[in-house]
Amino acid sequence: MAGLLALSRAIDAINTIIGKAVSWLLLAAVLISAINATTRKLFNLSSNAWLEAQWYLFSAVFLIAAGYTLLNSEHVKVDLVYGQLPRKAQLWIEILGTIFFLFPFCLITIYLSWPIVAAKFASGEVSNNTGGLVLWPVWAMIPAGFGLLFLQGVSELIKRIGVLRGQIPDPVSLADAEAAAL
């Protein structure tokens with residue numbers, strides 16, 4: 001289990017570095033948007049490439065940072081019953097959900113998107129918009145993002161098993177204890 005926990009820490013570190021780096025793309029998207037709007041209003045100049053660059057950057061943030069989002073438990077949860085269950089039951093729900101929902105969804109998405117990425121790369125396909133950008137980079141973000149999400153799922157699975165086995169402290173219980181102390 002020690003080796004698996006080390007792997008989990010490595011995956012967490014990779015997704016943390018990537019997630020923090022990719023978050024800067026939001027600033028780039030905002031700056032491109034502001035510059036594009038300013039040049040369009042002041043000089044009647046605009047470019048489809050700038051508009052598509054904004055879309056590419058937002059796509060990168062959304063897809064590539066998905067693993068980082070899971071690491072920080074910032075993904076959307078529908079908490080109708082889950083929050084009322086004992087912590088051990090919650091851990092089992094997370095384990096089973098990861099195995100039966102997250103992993104298959106990530107693998108199917110990677111499997112189905114990779115041939116499209118390869119075809120767009122091989123053809124050098126460009127957007128239909130005048131002055132548009134090549135398409136394969138934005139399509140490549142799909143398998144890359146779901147690959148990082150899958151890896152983070154592996155890390156989360158390892159950590160949940162570690163908590164159940166008593167080999168690592170439960171961060172949720174620790175956070176609840178700190179909140180109660182305040």
Side-chain angles (χ1 to χ4, degrees), residues 1 4-30 32-33 53-114 116-117 137-182:
M1 190 69 183
L4 290 174
L5 289 170
L7 173 65
S8 174
R9 286 189 298 276
I11 293 170
D12 290 353
I14 289 167
N15 268 318
T16 297
I17 291 166
I18 291 171
K20 288 182 178 183
V22 166
S23 69
W24 283 98
L25 296 179
L26 286 175
L27 176 61
V30 168
I32 288 171
S33 177
Q54 290 171 245
W55 172 59
Y56 279 29
L57 292 169
F58 180 74
S59 298
V61 171
F62 182 79
L63 289 165
I64 304 300
Y68 182 65
T69 304
L70 180 60
L71 168 64
N72 290 291
S73 296
E74 295 295 329
H75 53 287
V76 175
K77 290 183 182 178
V78 179
D79 188 6
L80 300 175
V81 177
Y82 176 88
Q84 306 303 316
L85 297 173
R87 184 63 184 140
K88 189 172 181 177
Q90 291 176 346
L91 290 167
W92 275 107
I93 288 172
E94 292 173 8
I95 288 169
L96 295 173
T98 298
I99 293 170
F100 293 111
F101 295 103
L102 180 66
F103 287 166
F105 182 70
C106 288
L107 294 173
I108 289 168
T109 303
I110 293 167
Y111 175 78
L112 293 175
S113 64
W114 190 250
I116 297 168
V117 174
V138 76
W139 280 89
M141 290 182 225
I142 296 170
F146 278 90
L148 290 169
L149 182 60
F150 180 87
L151 284 176
Q152 192 58 47
V154 170
S155 174
E156 298 303 313
L157 181 62
I158 292 167
K159 289 186 277 191
R160 297 312 179 270
I161 293 169
V163 169
L164 281 174
R165 294 180 71 184
Q167 294 183 304
I168 60 172
D170 183 5
V172 172
S173 297
L174 293 174
D176 289 348
E178 287 177 14
L182 296 175

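In what follows, residues are counted from 1 in the order of the sequence shown. All values below were derived from every heavy atom in this structure, side-chain atoms included, with hydrogens, water molecules and symmetry-related copies excluded.
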Spacing of [X] atom [atom1] and [Y] atom [atom2] [to the nearest 0.5 Å]:
X	Y	atom1	atom2	value
L85	L91	CG	CG	11.0 Å
I18	S23	CD1	OG	12.0 Å
L102	L149	CG	CG	5.0 Å
E94	R160	CD	CZ	4.5 Å
L57	W24	CG	CH2	14.0 Å
I161	L5	CD1	CG	10.0 Å

[X] and [Y]: which non-hydrogen atoms are nearest, and at how many Å?
X	Y	value
S33	Q54	CB-NE2, 3.3 Å
S8	I158	CB-CG2, 4.0 Å
P143	I110	O-CG1, 3.8 Å
I64	G145	CD1-N, 3.8 Å
P169	V163	O-CG2, 3.8 Å

query: Would you call L157 and I99 a side-chain contact if the rule is heavy atoms closer than 4.5 Å?
result: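 They are in contact (side-chain heavy atoms under 4.5 Å apart), so the answer is yes.
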
query: Can you name the side-chain contact (heavy atoms from CB on, under 4.5 Å) partners of A53, sequence neighbours left out?
result: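 Checked A53 against side-chain contact (heavy atoms from CB on, under 4.5 Å); matches are I32, L133.
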
- prompt: What pairs meet the salt bridge (charged side-chain N to carboxylate O under 4.0 Å, His left out) rule with one or both residues in residues 138-147, with sequence neighbours excluded?
  reply: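 Every candidate salt bridge (charged side-chain N to carboxylate O under 4.0 Å, His left out) pair involving residues 138-147 fails, so no pair, neighbours aside, qualifies.
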
- prompt: For residues Q152 and E156, is any side-chain donor paired with an opposing acceptor at under 3.5 Å?
  reply: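 Per modelled atom types, Q152 and E156 side chains form a pair under 3.5 Å.
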
message: Please verify the inter-ring angle class for F105 with F146; under 30° counts as parallel, over 60° as perpendicular, anything in between as tilted.
response: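 Ring orientation of F105 relative to F146: perpendicular.
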
field: Pair Y56-L25, side chain to side chain contact (heavy atoms under 4.5 Å, CB included): steps then yes or no
entry: CA-CA 10 Å; Y56 279 29; L25 296 179; over 6 Å; no

- prompt: Can you name the one residue among I14, V22, T16, L148 that meets side chain to side chain contact (heavy atoms under 4.5 Å, CB included) with Y68?
  reply: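 Only one option passes, and that is T16.
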
- prompt: L164 pairs by side chain to side chain contact (heavy atoms under 4.5 Å, CB included) with which of R87, K88, K159?
  reply: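 With L164 as partner, side chain to side chain contact (heavy atoms under 4.5 Å, CB included) holds for just one option, K88.
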
